[in-house]
Amino acid sequence: QVSLVESGGDAVQVGGSLRLSCAVSRAPWRVYCMAWFRRAPGKEHEGVARLSTGGRNIYYADSVKGRFTISRDNAQNALYLQMNNLQPEDTAMYYCAVDQTAACATSTPIPADYRNWGQGTQVTVSS
């Protein structure tokens, strides 16, 4: 059973920054696809960013391009999301998700392609 534990969520003001972390353990694959999703109240899961452990298949949602950066540390089995210039519309629960590399083959991250999810970390941006 893959374990994913997110951390780093907080309440910040507009223009602030946060760095989310996701600790991955017991992944059965040598390489795999990792993604950040978010879900705001009353909305569907939105794919925010994605990359493979090989550093390819990088994706950013248009709404976060230029502000968010996804990265990984394969030695630490960790996934990160650096979020700068945060805006109220970034308020959501943020989840990391992983699955086999096939999940990275789509043009945009599809929640149903990821069988392993963390519990989420809340990001709240106030003006």
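- To the nearest 0.5 Å, atoms CG (N84) and CZ (R19) are separated by 11.5 Å.
- Considering only heavy atoms from C-beta on, D90 stays 4.5 Å or farther from M83 through its side chain.
- Of all the heavy atoms in R115 and Q100, the pair that sits closest is NH2-NE2, 2.9 Å.
- Considering every non-hydrogen atom in both S17 and V12, the closest pair reads O-CG1, 4.3 Å.
- Residue R26 places its CZ atom among more than 12 non-hydrogen atoms of other residues, nucleotides or ligands, all under 6.0 Å distant.
- In terms of modelled atom types and a separation under 3.5 Å, the side chain of Q119 and the main chain of E6 share a donor-acceptor contact.
- Looking only at distances, no side-chain donor or acceptor of Y114 sits under 3.5 Å from a matching main-chain atom of P109.
- No side-chain heavy atom of Q13 sits under 4.5 Å from any side-chain heavy atom of V125.
- When all heavy atoms of D99 and W29 are compared, the pair lying nearest together is CA-CH2, 3.7 Å.
- We find the CD1-NE2 distance between I110 and H45 to be 14.0 Å, quoted to the nearest 0.5 Å.
- Residues A92 and A40 approach most closely at CB-N, 3.8 Å, considering heavy atoms.
- A continuous path of Ile, Leu, Val, Met, Phe, Trp and Tyr side chains, each step under 4.5 Å between heavy atoms, connects L20 with V14, placing both in one hydrophobic cluster.
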Requested in this report: Show your reasoning for whether side chain to side chain contact (heavy atoms under 4.5 Å, CB included) applies to S21 and Q76.
Outcome: CA-CA 11 Å; S21 300; Q76 297 295 323; over 6 Å; no
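- Test I58, T106, L79 against R50 for side-chain contact (heavy atoms from CB on, under 4.5 Å) and you get one pass: T106.
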Report task. Apply side chain to side chain contact (heavy atoms under 4.5 Å, CB included) to T91 and Q122, showing your working. Result -> CA-CA 8 Å; T91 295; Q122 178 67 38; 4.1 Å; yes
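- In this structure, S3 OG and N77 CG are separated by 11.0 Å, a value rounded to the nearest 0.5 Å.
- Taking all atoms of both residues into account, the shortest heavy-atom contact from C104 to N57 is O-ND2, 3.4 Å.
- Taking each heavy atom of K43 and R39 in turn, the nearest pair found is O-NE, 2.9 Å.
- Between L86 and F68, the closest side-chain pair of non-hydrogen atoms falls below 4.5 Å.
- Proximity of a side-chain donor or acceptor of N116 to a complementary backbone N or O of V98 within less than 3.5 Å is detected.
- Taking CH2 from W36 and OH from Y94, the interatomic distance works out to 10.0 Å, rounded to the nearest 0.5 Å.
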Query - Intermediate values then yes/no, side chain to side chain contact (heavy atoms under 4.5 Å, CB included), M34 and L51 - result: CA-CA 6 Å; M34 303 179 286; L51 84 169; 4.1 Å; yes
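- Using a 4.5 Å heavy-atom cutoff, the side chains of P28 and V2 are in contact.
- Under the side-chain contact (heavy atoms from CB on, under 4.5 Å) rule, L81 has a single partner from V48, V64, L18, T69, which is V48.
- Y59 is not connected to V31 by any chain of hydrophobic side-chain contacts under 4.5 Å among Ile, Leu, Val, Met, Phe, Trp and Tyr, and they are in different clusters.
- Between the side chain of T121 and the main chain of G9, a donor-acceptor pair closer than 3.5 Å is present.
- Formation of a donor-acceptor pair under 3.5 Å by the R72 side chain with backbone atoms of T53 is found in this model.
- Ring centers of W117 and F37: under 6.0 Å apart, within the cut-off.
- Considering CZ of R67 and CD of Q82, their distance stands at 12.0 Å, rounded to 0.5 Å.
- Contact of the D73 side chain with the Y80 side chain is registered, since non-hydrogen atoms from C-beta on lie closer than 4.5 Å.
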